[in-house]
Amino acid sequence: MSTDAKNSIAQMEKIVSLCKRRGFIYQSSEIYGGCGGVWDYGPLGAELKRNLRSAWWNTMTREREDVLGLDASILMNPAIWKASGHVDTFADLMRECSLTNKRVRADHVEPQDGVAYTFEGAISWTFFLNQRGILGDTELAPDAIANTNFAMIFHHTQDEDEIYNGLVNTIKNGIGRDLDDEEIKTVAHHLPAMLKAVMKRSITILVPPGKPRESAEKIAKEYFERLGVDKPLVFGPKVGVKVERSVDFHPETGGALGDARPFNLMLKTYLGPTATEADVTYLRPETAQAIFAQFKNVFDSSRVKVPFGIGQIGKAFRNEVTPKNFTFRSREFEQMELEFFIKPDEAVEIISGEVAPWSEGADLSEPKPNWGWQMWHRYWVDQRTKFYQGIGLGDVLQYYWQTSDDLAHYARACVDILCEFPFGTEELEGIAARGDFDLSAHQNASTKSLEVFDEELKTAAAKLTDEQKEALIQKRLAAEAAKTKGAPMPESAVRAWFERLFKGSYVPHVIEPSAGLDRMALAVLAKAFSETEKVDEKGKKEIITVLHLHPRVAPIKVGVFPLLKNKPELVAKAREVYALLKKHMNCFYDETASIGRRYARQDEVGTPFGITIDFDSLGEKGPELLDTVTLRQRDSGEQERVKISDLLGKLLPLVS
RNA sequence: GCGGGUGUAGCUCAGUGGUAGAGCACUUCCUUGCCAAGGAAGAUGUCGCGCGUUCGAAUCGCGUCACCCGCUCCA
């Protein structure tokens, strides 16, 4: 492992440790040995999450005129997951190709004939060349190693003596003489590294009848190369096994298929007490579908017009194969999703006479009536970027624009907002332009209309000539024909769609910024974490840990400290200040230990401000300092004197 | 799912078959006039869990759970 990788693991471990020690994040059910892939937020973590949640909710809904909130249930009619495609894609038993991990439906494998070769593992030929010291100057042909017992011995035994003897014999045969003492020593010396260089993994490959062993070996070599074995020598039999009408191999790759397994990542449960198949439903794997399912209700009950959005924050559940990287990929997590509904570009064109083209540097500050999906998509990327800047993540963001290969067939564009974590640069949020895929899918499945009626569109369309209308239709038909993914819409359907459009009715299109709250919390913690080494007067080294959290997200906003706790006047005044502030923000009162230690404790959990009540606050140095306190900044350590009566006015704008 | 590693006090870890430890943290008291100060006392563990071997297990074996790393997965 590289030094960088080790450092980042160490960094992550420090963050995990701090999170537990100071009450940000605990392992779920820890006293019972834990529970895989789920985490609990402690007192400070709960505050942190709450602050992030509020920041999102305020920015995305309350501070906007065009976005409404929703709080849907986690359990829903399972038909929703059928319509969204979540059930269909994964409900069947799937078998996975052991070579490529491509999946096929277990009941859809074509029977095949051929010859199957099983390879037991591989060792790097480059490794052997690098170990020339063992072999002296003699060139050993790859086959001299691969086709000897030695290769198989490596795989079949753990016994070091046996492996050692096999190795010596192989080299002896390869160079055609006995080894001298010095050479034998060298072999023994290299044995541990040799054992590590062997990759033991059994794979079976089917080649069509008549094809030579070499074609199977070639596939095996490619496989081991992908796994990181440089110039692999594969261990395998000279003669394969004849196979007839077998359904155990992937039709395209020839790789052996694993056991049939259900690949549904949705958590299944039973709604109702009888627990029969008829009662099966799922814990939602994403919050978005509820927004689509309730789209019409929100639209009808809120006097809104397209474009408008529906935002939601809530728990979602996925049965991840491998939960990983602390809270980054967990089985229960919280999403913050906006579905922003817009007019189809054709409607924009009819109303505004054009669709604003996007170009680098376009003005995204205020939405315009002539924006099509592209401008709206860029707009939301811009809005979300500003949001992340507002919580202190501005300088660690990266963007990945999905290529047409990455995109799902219904998506027009998707950008991932990524963030640097100690374990790598990973996705925080995805912003997708999904067309009308979701609403249309639910409209079809539910047979309830999810169209909106647009008076403005109807009026504008009425003014179009037949030629203008036909030109719009032809333009769309050309676009459908040029599609590289998914089937083009048939002409009759296109014409029917335009007929509805010209009457003012359409299914809105959607831009979907979808963020993970837990990931955001982890990103904020990882970004804020810092350690510096300090040497005190006695030469003792100390590690000083500080969380440089943005004041908006910090779980505790202010620490309130009497300089000394054995002076009742200081304590009384400090309690007064604490009582004043805590009604408006999360504060922490601390009178134990030295003042420096109390500062340090708060630095470690990211409290941005510290207030100390000293003797000046009591007016000892003169009446002008009476009822003033020192306000300390976490990041600079600087202090200023502030009147108690000015504290709220000064702090509130900084922390909210 | 496969392979490797780890699991002992709140945290970091030492402890290779014979009375469970250290540093830091924590609680109380004393002391302390601004950046992890000092002193005194105290509390804290079924050594992840289960089964086995043994006169005796944190230590050895088997199983299991969780976490970490590498593959894989991430619609």
Side-chain angles (χ1 to χ4, degrees), chain A residues 1 5-6 8-10 12-14 16-23 26-39 42 81 84-90 94 96-103 121 196 198-203 223-224 226-228 258-259 261 263-266 285-286 318-326 328-331 408-409 411 423 426-427 534 536-538 540 542-546 561-567 570 592-604 610-616 618 620-621 629-630 632-634 636-639:
Chain A
M1 203 184 294
K6 271 185 196 157
S8 55
I9 293 164
M12 205 52 219
E13 280 172 356
K14 283 174 190 164
V16 173
S17 168
L18 175 70
C19 280
K20 178 171 185 192
R21 185 158 43 86
R22 299 307 308 266
Y26 314 122
Q27 191 183 11
S28 164
S29 327
E30 195 187 85
I31 60 167
Y32 287 102
C35 182
V38 283
W39 302 88
W81 307 114
S84 67
H86 286 84
V87 174
D88 266 0
T89 324
F90 290 101
M94 307 288 278
E96 211 172 358
C97 167
S98 52
L99 293 177
T100 58
N101 296 102
K102 282 186 179 172
R103 291 189 298 239
K196 277 193 180 164
V198 174
M199 176 163 292
K200 298 176 180 182
R201 188 171 298 197
S202 178
I203 51 162
Y223 170 75
F224 283 107
R226 274 201 304 279
L227 292 182
D259 292 339
R261 293 189 281 167
F263 259 82
N264 200 323
L265 295 189
M266 284 197 291
E286 60 174 40
R318 294 182 197 184
N319 233 335
E320 295 291 350
V321 178
T322 316
K324 232 184 125 155
N325 289 331
F326 198 28
F328 184 81
R329 176 169 296 124
S330 38
R331 294 195 170 118
H409 67 91
F423 45 81
E426 297 279 357
E427 184 183 343
K534 200 181 111 182
D536 67 13
E537 313 89 64
K538 292 174 195 160
K540 212 173 90 180
E542 281 181 309
I543 303 287
I544 307 290
T545 305
V546 181
F561 317 117
L563 185 59
L564 298 170
K565 79 165 165 185
N566 60 353
K567 299 288 186 288
L570 289 178
T592 65
S594 72
I595 188 71
R597 175 177 296 271
R598 281 176 273 166
Y599 288 147
R601 280 174 186 161
Q602 291 307 308
D603 287 350
E604 197 183 40
I611 289 172
T612 303
I613 288 76
D614 58 15
F615 292 93
D616 296 354
L618 305 175
E620 281 195 1
K621 278 225 183 108
V629 294
T630 63
R632 172 185 180 269
Q633 309 271 341
R634 173 196 63 209
S636 64
E638 279 167 22
Q639 291 188 336

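Convention: sequence-line order gives letters A, B, ...; per-chain numbering from 1.
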**Prompt:** On a whole-Å scale, what distance lies between the P atoms belonging to B/rU59 and B/rA40?
**Reply:** 36 Å
**Complete:** So SG of A/Cys19 and OH of A/Tyr26: to nearest 0.5 Å the spacing works out to 10.5 Å
**Fill in**
Closest non-hydrogen atoms of A/Met266 and A/Pro285, given as atom of the first, atom of the second and distance, are SD-CG, 3.5 Å
Listed pairs, N/O of protein and of nucleotides 30-35 of chain B, under 3.5 Å:
{"unit_1": "B/rC34", "atom_1": "O2", "unit_2": "A/Tyr599", "atom_2": "OH", "d": "2.6"}
{"unit_1": "B/rC34", "atom_1": "O2", "unit_2": "A/Gln639", "atom_2": "NE2", "d": "2.7"}
{"unit_1": "B/rC34", "atom_1": "N4", "unit_2": "A/Asp614", "atom_2": "OD2", "d": "2.7"}
{"unit_1": "B/rC34", "atom_1": "N4", "unit_2": "A/Thr630", "atom_2": "OG1", "d": "3.3"}
{"unit_1": "B/rC35", "atom_1": "O2", "unit_2": "A/Arg632", "atom_2": "NE", "d": "3.4"}
{"unit_1": "B/rC35", "atom_1": "O2", "unit_2": "A/Arg632", "atom_2": "NH2", "d": "3.0"}
{"unit_1": "B/rC35", "atom_1": "N3", "unit_2": "A/Arg632", "atom_2": "NE", "d": "2.7"}
{"unit_1": "B/rC35", "atom_1": "N4", "unit_2": "A/Gly637", "atom_2": "O", "d": "2.7"}
{"unit_1": "B/rC35", "atom_1": "N4", "unit_2": "A/Gln639", "atom_2": "NE2", "d": "3.2"}

**Message:** Checking A/Gln633 against A/Gln639 for the side-chain contact (heavy atoms from CB on, under 4.5 Å) test, could you report, in this order, the C-alpha distance in whole Å, the side-chain angles of both residues, the deciding distance, and whether it holds?
**Reply:** CA-CA 6 Å; A/Gln633 309 271 341; A/Gln639 291 188 336; over 6 Å; no
**Message:** For A/Ala593, is there any backbone N or O sitting under 3.5 Å from a side-chain donor or acceptor partner on A/Arg598?
**Reply:** yes
**Message:** By the 4.0 Å heavy-atom rule, please label A/Leu18 as base, sugar-phosphate, or nothing.
**Reply:** nothing
**Prompt:** Counting any heavy atom closer than 4.0 Å, what does A/Thr545 reach on the DNA or RNA strands: base, sugar-phosphate only, or nothing?
**Reply:** base
**Asked** With the sugar-phosphate defined as primed atoms, P, OP1 and OP2, and the base as all remaining atoms, what B/S/- string results for nucleotides 41-47 of chain B, 5' to 3', for protein heavy atoms under 4.0 Å?
**Response** -------
**Request:** Kindly state whether the ring of A/Phe423 and the ring of A/Phe326 have centres lying under 6.0 angstrom apart.
**Result:** no
**Request:** Using Watson-Crick or G-U wobble geometry with both distances below 3.5 Å, tell me the partner of B/rG10, or none.
**Result:** B/rC24
**Request:** Just jot down the side chain to side chain contact (heavy atoms under 4.5 Å, CB included) partners of A/Asp616, sequence neighbours excluded, or say none.
**Result:** A/Asp614, A/Lys621, A/Leu625, A/Arg641
**Message:** At 4.0 Å (heavy atoms only), tell me whether A/Leu570 reaches a base, stays on the sugar-phosphate, or touches nothing.
**Reply:** nothing
**Message:** What's A/Phe326 touching, base or sugar-phosphate or nothing? Going by heavy atoms closer than 4.0 Å.
**Reply:** sugar-phosphate
**Request:** Take A/Val38 and A/Lys20, find for each the nucleotide of RNA chain B with the closest heavy atom, and name the residue whose nucleotide sits nearer the 5' end.
**Result:** A/Lys20
**Prompt:** Is there a Watson-Crick or G-U wobble partner for B/rA36 with both distances under 3.5 Å, and which nucleotide is it?
**Reply:** none
**Request:** Respond yes when some side-chain nitrogen or oxygen of A/Arg601 is under 4.0 Å from OP1 or OP2 of B/rC26, and no when none is.
**Result:** yes
**Message:** Side chain of A/Lys324, heavy atoms from C-beta onward: which of B/rA66, B/rC11, B/rG70 has the nearest atom to it?
**Reply:** B/rG70
**Request:** Scan A/Gly37 against the nucleic acid and name what it touches under 4.0 Å (heavy atoms): base, sugar-phosphate only, or nothing.
**Result:** sugar-phosphate
**Asked** How many angstroms lie between CG in A/Leu570 and CZ in A/Phe615, if you round to the nearest 0.5 Å?
**Response** 4.5 Å
**Prompt:** If you measure only the distance, is there a donor-acceptor pair under 3.5 Å linking the side chains of A/Thr592 and A/Arg601?
**Reply:** yes
